[in-house]
Amino acid sequence: GGNAGGGSGGAGAGGGKLRLAFVVNMPAEFWTIAEHGVNAAAAEVDVDVSFHVPAGGLVEQQKRILEDLVVKGVDGIAVSPRDAENMTGLLDKLVQHTLLITHDSDAPQSKRLAYVGMANYDAGRMCGKLVKSALPDGGKIVILVGTLDQDNAKGRRQGVIDELFGRSYDPTRFDAQGAKLAGGGYEVLTTYTTESQPQKCKANTQDALVRWPDIGCFVGLFEYEPPAILEAVRSAKRLGEVKIVGFDENDATLQGILDGHIVGTVVQNPYEYGRQSIKLLAKLASESDPEKRAALLPEGGFLDIPARSITAANVDEFWADLKQKTGR
Amino acid sequence: MATVLEVRGVTKAFPGVVALEDVEFAVDAGEVVALIGENGAGKSTLMKVLAGVHRPDVGEVRLDSKPVTFHRPADALRQGIALIHQELELCENLTVAGALFLGAELRRGPFLRSREMAVRAREVTARLGLDVDPDRLVETLAPGQQQLLEIARALRADARVLIMDEPTSSLTQRETERLLAVVDELRAAGVAIVYISHRLGEVQQIADRVVALRDGKNSGSCAGSDASHDRLVAMMVGREVGSSDRQPHEPGDVALAVRGLATTAYPAHAIDFTVRRGEIVGIAGLLGAGRTEVLRALFGADPRAAGVVEVAGVALDREGPEAAIAAGLALVPEDRKREGLVLPMTVAQNVALPTLRRRGRWLDRAYERDLTDRAIGELGIATAGGSQVAGTLSGGNQQKIVLAKWLAADPVVLLLDEPTRGVDVGARAEIHDRLHELAGDGLAVLFVSSEMEEILTLADRALVMHEGRLAGELGRDELSEAAILRLAVGSV
Amino acid sequence: MKKILGLSLLIFVIALVTSLLTIDDAGRSLFLSGLNLENLATRVGLFGVLSLAAAFVIVTGGIDLSIGSVVCVAGCMLPWTLRDLGLPGVLGLLFVLAVTGLIGLFHGLLVVRLRLQPFVVTLCGLLLYRGVMRALAGDQSVGFRGTGEDLRWLATGRLPLFEGFGLPVPLLVLGLVGGFTAVLWHRTVAGRQLFALGHNLEAARLAGVPTGRLTILAYVMCSLLAGLGGCLFVLDVNSAQAASFGNFYELYAIAGAVLGGTALRGGEGQVLGIVLGASLMQLLSNAINLVADSNQLEFAIVGAVILIGAAVDEGLRRYLARRG
Amino acid sequence: MKKILGLSLLIFVIALVTSLLTIDDAGRSLFLSGLNLENLATRVGLFGVLSLAAAFVIVTGGIDLSIGSVVCVAGCMLPWTLRDLGLPGVLGLLFVLAVTGLIGLFHGLLVVRLRLQPFVVTLCGLLLYRGVMRALAGDQSVGFRGTGEDLRWLATGRLPLFEGFGLPVPLLVLGLVGGFTAVLWHRTVAGRQLFALGHNLEAARLAGVPTGRLTILAYVMCSLLAGLGGCLFVLDVNSAQAASFGNFYELYAIAGAVLGGTALRGGEGQVLGIVLGASLMQLLSNAINLVADSNQLEFAIVGAVILIGAAVDEGLRRYLARRG
Ligand SMILES: Nc1ncnc2c1ncn2[C@@H]1O[C@H](COP(=O)(O)OP(=O)(O)OP(=O)(O)O)[C@@H](O)[C@H]1O
Ligand SMILES: Nc1ncnc2c1ncn2[C@@H]1O[C@H](COP(=O)(O)OP(=O)(O)OP(=O)(O)O)[C@@H](O)[C@H]1O
Ligand SMILES: [Mg+2]
Ligand SMILES: [Mg+2]
């Protein structure tokens, strides 16, 4: 089946619309926002885009999807690799058949053309700043994260820790989950993994509140976590006294900020991940000469879509914009 | 008296076999009809048609002279037709009272009236001489007791028509007498009764009328008063059944020596005995005397509480059936359905199971086939062929399969627990002959039987058990019904 | 009975050890603090309902793998009925329970009328319901947005018993469900017949038991209780994501039932044992959170403790059997 | 036999429909392209091995819920033995297989000697092994870092058959494993005895079948094959993450076996059916990826198709039984 002509970029040749694919790493609300961006771009530049979610969030499932897309002969793929380091070989194979870029999570060693997104480590440091603002005099902190085996999770967590402890900028550092961590007046008591289950996140938070009554702040790094933490703190009747810092833009998180129960959240811009990825792919596919195509790439192959801190100060404006973009 | 239940022109076929062909059958109120026939003649199938388990392919069932169609057993039950199945069908996780009233619980709204059921359970079981606590779990009852419970269940239903499919096959004489007395009472009360048995003595004793089936067809009937043994056999078999006169053979060396054996059911009683090559030894006793336990402990099916078992002078060093079989033991167990057969497997697979391994690691299908053909021929097993699923054979034929697989194992000592349970008269005589023949060749046989007649005709010597201990031993010339009974009830 | 004894003993030992290990500077045990006991009791209530759900079907000799997905259905539907349909709390709850009950009816009919294997039917259910909910919710998380406040009491309420400890309402719910189940199983005709058919379907049928209707009833009860559990879960955490909500809960549910002495071959089960089985898993994870440095080894420890517990239980049983 | 017929028919229909729906502008079917058939055959090979693993234990009337975690153990250990221990490829593979075989032995001993329920033992295994691997790997993903190139052929190799299509080596592996299994089950005494004990343990024991040893053998074979599957999976995707690698695969494995006609009550199973059962699920997800605009409904469709397939199969069987 040598019908995957994307490698030579001859998209317009067949006469039909360009066919692009957007592949994410697991089912999550985060990606539904990206899907809106994808659709917006598809309308803007008039291409067909399909959207793919590995239902169990497994590397193996993502691999199947990518293989099948090659068979399908799509003109370009934007993927958020589930395990960048070890998927390099696979990604390099894809490059032979189609145009490939990464988004959200990069695979720098691979031959992908570009990366659209931000650095999770940087976002983590941003999150750390929020914690510092909540606990200016230091304090005890518990971090909750879905799983620790994903690059984005590791980066975020390390960013928070490094920022709190005032360490140097080093995205490759890794502190083990069970290690006792302290520095700069802050103490990270433990990191809980919550396995995509809000119920477990709530239980872990409750147990931490029992175990460390003097805890100062919870940090929830996955989208479903800040709301679950909020529920746990509420059930212990310690709202306001125990600080909460979050990640991503779950409705309940934003409401928590409005209500003053959550200090702030760090949001990426999934809408733009989706939109910019598709626009970039469409642009690349319209040019069949590799030389000229290279000129269309963003500088350093990195299209930066920075994260933002959302606090009581800017939550209204952000939320309104989000609602408008996603039509919620 | 009026005909209550009848079938007209019933035909019922299963894949590969026509079980019933144009059969007529009727039973009146206050009448006991005995149904007889060889194994696989179609008796159980006919009764299942009457009780709504099977629907006939052709023909009709009439109740009070009106055609009826039973879609499921519950329909027949509701019309007052109760069937005691040949094979035990009990929910053993229930209590005695629970099992007794299953499907017809005494209720107050949705709730159980447990106390009333326990009281009534005691009455019904007492009537049959089954003396057990109504709160005891069914799984802790011995098979004979479970059979009495099945009978009690049918009595409890106060049925108009009571069908009993070999109710006495695992009962001893005492319980049988009692049951027959109850049947008499029911007859007097106007119940229509169908009674199936291979024990022709019972048939003669109880039947008002005898109906015979042969190969799924009616093959004669006669009044109970005319039912001589020979006539019954002629109706069933259509030929002479000769019982060869046997020559007691000279016993050889000790094949089986049991010393200080105590079972887990009766750990306090130690038992000693020996069986010689060429000897056929029977174990008699009342229901629950511990006979089955002795055989099972011997064979290693259950752990032994104490004691040594020697086969041909060598003590069994390991426990478990594997070691016992390796040493030359073989056991035909009491409960063929659960312990004797792998019901979903074919006849051939079952027959060859214990001996396959001797032919090497690879499956030897030719051996399997030969063995099965030989068994089918020798024991007269009625089957569509070696590839019939064992579970679809008639009860008696299943029993023959269990026998066949162990006869093929060529053991030093053959242990048999109720060896001819449910086997028809003709086949039983043949099995007895075969056992004698094998004993003549040096096989040692130790068997348990609840049937007095089988002990008397088959055994060279009898051990009698009473409540877990060996109450006595009777040589060939001391063997008599009276002597056995005296020891069995413990009055020495 | 012995199962319950062994399980209680195991739970007692773990609770004792945890109590001792969590004594703080003031000499009070964190584990025994009112707050922690309330938290733990809530979780036992939530997961206990699911284990009872699983047991209903296991008792018939079947299995229900779709429990987690039915939890997902209820968890996503409840906020939706309240928020978008605008139903008042109680009506919304009843509506969701009716839907999950229908799911159970569907399972029961497939198992009884079409004689499909329960494993296949409910495995397909596992895939189907979650898949449909994901499509309906479009992978967005579904929250109450302020509705359902009247119902939240069911999951987060406390009945103040004494200073510092209120009885969590979910435990009360479990008590009611458990009491109802115990009465149904052991005091009614239907329960007696349910256990009978679980042990020997053919024998029960021959005795005139309406095996089909009862089996269907069991599947309905199972999905209904799973639905109730799902409602409680979502009320507890306030929002649900179709892709992950209730994921894997069928295993927890079945595990609780089996640990509590429910035999997978059918015909055996006791409410108390099942509740204890469900409690054991919650207790372990609570203990790990209170004692360990991180919860990385949580699953490993839960697995090891249950295995050792089962082995010791069996060893003890045999020792006792040999002695008496 | 009828099971296999129904399943083949279902597979054929799905394949046909997908072929027609994926015809591109040049008039060629994408589904039938060599590349796609290679991909699909590889996946069937990988998952087929797991279903055979599951079937070994199911045939004895048991169940193994730990398959996914054993896949995780093998998947994490193989890179580690090659990379950190520096073992040569084949030795590393044998080492990993030995470890997983020992896991099976452990299960078998617990089930046979201590008479623990297979469900409990392997559920604990599910939790335990993954938990331990997570701790050992410290939640880092484990990759080969360039080692193991000689082994990768096992998972990604193709034997060129004709222009544009090479037989994937995993399918060949499945062929070998399947052939071995078929011979063991249906041509040896041990196989006959295994099936007999699956149907009726007590009768088999009294017939002198070494039930204990054979049951243990079945558990060893199961974990061994799951380990082999895990090695193939990690060689295929090149890395393993302890927290998620092989997650849920026990369900896929058991589902494949059960769809293929293996009865959960034991004593029944056919290699061809099991392989077809495993193929069905892979085929469906491939078809959805090729045809649909998004795979959001994948699970829902898989669930619905299997359910409808099972119902039609049963309906057909009954219709045929009534006619013939
Ligand atoms: N479900 C079934 N499938 C196939 N064949 C069957 C089935 N049930 C009974 N048969 C066959 O029907 C015939 C009659 O069996 P049935 O059980 O009625 O005999 P029976 O007269 O009761 O014999 P027995 O004295 O041994 O109990 C036998 O050949 C048996 O193999
Ligand atoms: N599983 C069990 N649990 C408890 N008691 C049992 C069990 N099985 C048998 N018994 C008891 O052990 C005693 C011996 O039973 P056994 O079956 O050996 O008697 P038997 O002489 O062979 O009588 P049967 O004619 O019933 O076979 C009986 O009192 C019986 O009630
Ligand atoms: Mg019969
Ligand atoms: Mg006996």
Side-chain angles (χ1 to χ4, degrees), chain C residues 61 63 65-66 69 106 110 113-136 138-139 243 247-248 250-252 254-255 258-259 263-265 281 294 296-315 317-318, chain D residues 61 63 65-66 69 106 110 113-136 138-139 243 247-248 250-252 254-255 258-259 263-265 281 294 296-315 317-318:
Chain C
I63 191 111
L65 297 175
S66 74
S69 292
F106 176 61
L110 287 176
R113 295 267 175 274
L114 278 186
R115 298 220 198 103
L116 300 185
Q117 293 195 52
F119 186 92
V120 173
V121 169
T122 58
L123 175 72
C124 291
L126 176 155
L127 297 169
L128 186 59
Y129 311 139
R130 185 178 298 283
V132 169
M133 289 322 287
R134 274 187 57 198
L136 286 183
D139 273 336
N247 222 343
F248 236 48
E250 57 280 347
L251 264 194
Y252 295 144
I254 298 171
V258 171
L259 288 177
L264 283 172
R265 65 180 171 279
M281 306 194 60
S294 86
Q296 197 173 39
L297 275 173
E298 173 175 341
F299 282 162
I301 293 175
V302 172
V305 169
I306 296 178
L307 199 55
I308 294 170
V312 169
D313 184 55
E314 186 59 35
R317 195 194 313 266
R318 280 210 230 167
Chain D
I63 191 111
L65 297 176
S66 74
S69 292
F106 176 61
L110 287 176
R113 295 268 175 273
L114 275 187
R115 297 217 202 108
L116 299 186
Q117 294 193 53
F119 186 92
V120 173
V121 168
T122 58
L123 175 72
C124 291
L126 176 156
L127 298 168
L128 186 59
Y129 309 138
R130 185 177 298 283
V132 168
M133 288 324 286
R134 274 185 58 192
L136 287 182
D139 274 329
N247 219 344
F248 234 50
E250 56 281 347
L251 265 194
Y252 295 143
I254 297 171
V258 171
L259 288 178
L264 283 171
R265 65 181 172 280
M281 305 193 65
S294 101
Q296 200 173 36
L297 275 172
E298 171 175 341
F299 279 172
I301 294 175
V302 173
V305 169
I306 296 177
L307 200 54
I308 293 171
V312 170
D313 185 54
E314 186 59 35
R317 193 195 313 266
R318 281 212 229 166

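Note that this is a predicted model, so its numbers are computed, not measured. Here is the naming used below: chain letters follow the sequence lines, and residue numbers restart at 1 for every chain. The figures here come from the full heavy-atom set of this structure, side chains too, leaving out hydrogens, waters and symmetry mates.
Most heavy-atom pairs under 4.5 Å with chain C: of the set D:G131, D:A300, D:A311, this distinction falls to D:A300. When each of D:V258, D:V132, D:N247, D:V120 is checked for heavy-atom pairs under 4.5 Å with chain C, D:V258 comes out on top. Between chain D and the residues C:V302, C:L128, C:V121, the largest count of heavy-atom pairs under 4.5 Å involves C:L128. Contact count against chain C (heavy-atom pairs under 4.5 Å) is highest for D:A135 among D:A135, D:A243, D:G315.
To the nearest 0.5 Å, atoms CD1 (C:I254) and CG (D:L65) are separated by 8.5 Å. With values rounded to the nearest 0.5 angstrom, C:F106 atom CZ is found 5.0 Å from D:L307 atom CG.
Only the side chain of C:L297 comes within less than 4.5 Å of a heavy atom of chain D; its backbone N, CA, C and O stay farther away. Contacts of C:Q117 with chain D are made by side-chain atoms alone, with heavy-atom separations under 4.5 Å and no backbone atom involved. C:R130 does not touch chain D: none of its heavy atoms, backbone or side chain, sits under 4.5 Å away. Neither the backbone nor the side chain of D:E298 comes within contact range of chain C; no heavy atom of the residue lies under 4.5 Å from a heavy atom of that chain. Both the backbone and the side chain of C:L114 come within contact range of chain D, judged by heavy atoms closer than 4.5 Å. Contacts between C:L259 and chain D at a heavy-atom distance below 4.5 Å involve the side chain alone, from C-beta outward. Residue contact with chain D, scored on non-hydrogen atoms closer than 4.5 Å, involves the backbone and the side chain of C:R115 alike. Residue D:L264 touches chain C through both its backbone and its side chain, counting heavy-atom pairs closer than 4.5 Å. Proximity to chain D (any heavy atom under 4.5 Å) is shown, for C:I306, by both the backbone and the side chain. If you measure heavy-atom distances from C:F248 to chain D, the contacts under 4.5 Å come from the side chain alone.
Contact between C:A310 and D:L116 at its shortest, heavy atoms only, is O-CD2, 3.6 Å. Summarising the geometry of D:L123 relative to C:A255, their closest heavy-atom pair is CD2-CB, 3.1 Å, with the distance given to 0.1 Å. C:F299 and D:L127 get closest at one heavy-atom pair: O-CB, 3.4 Å.
When side chains are defined from C-beta on, C:L251 counts as touching D:L126, because their heavy atoms get closer than 4.5 Å.
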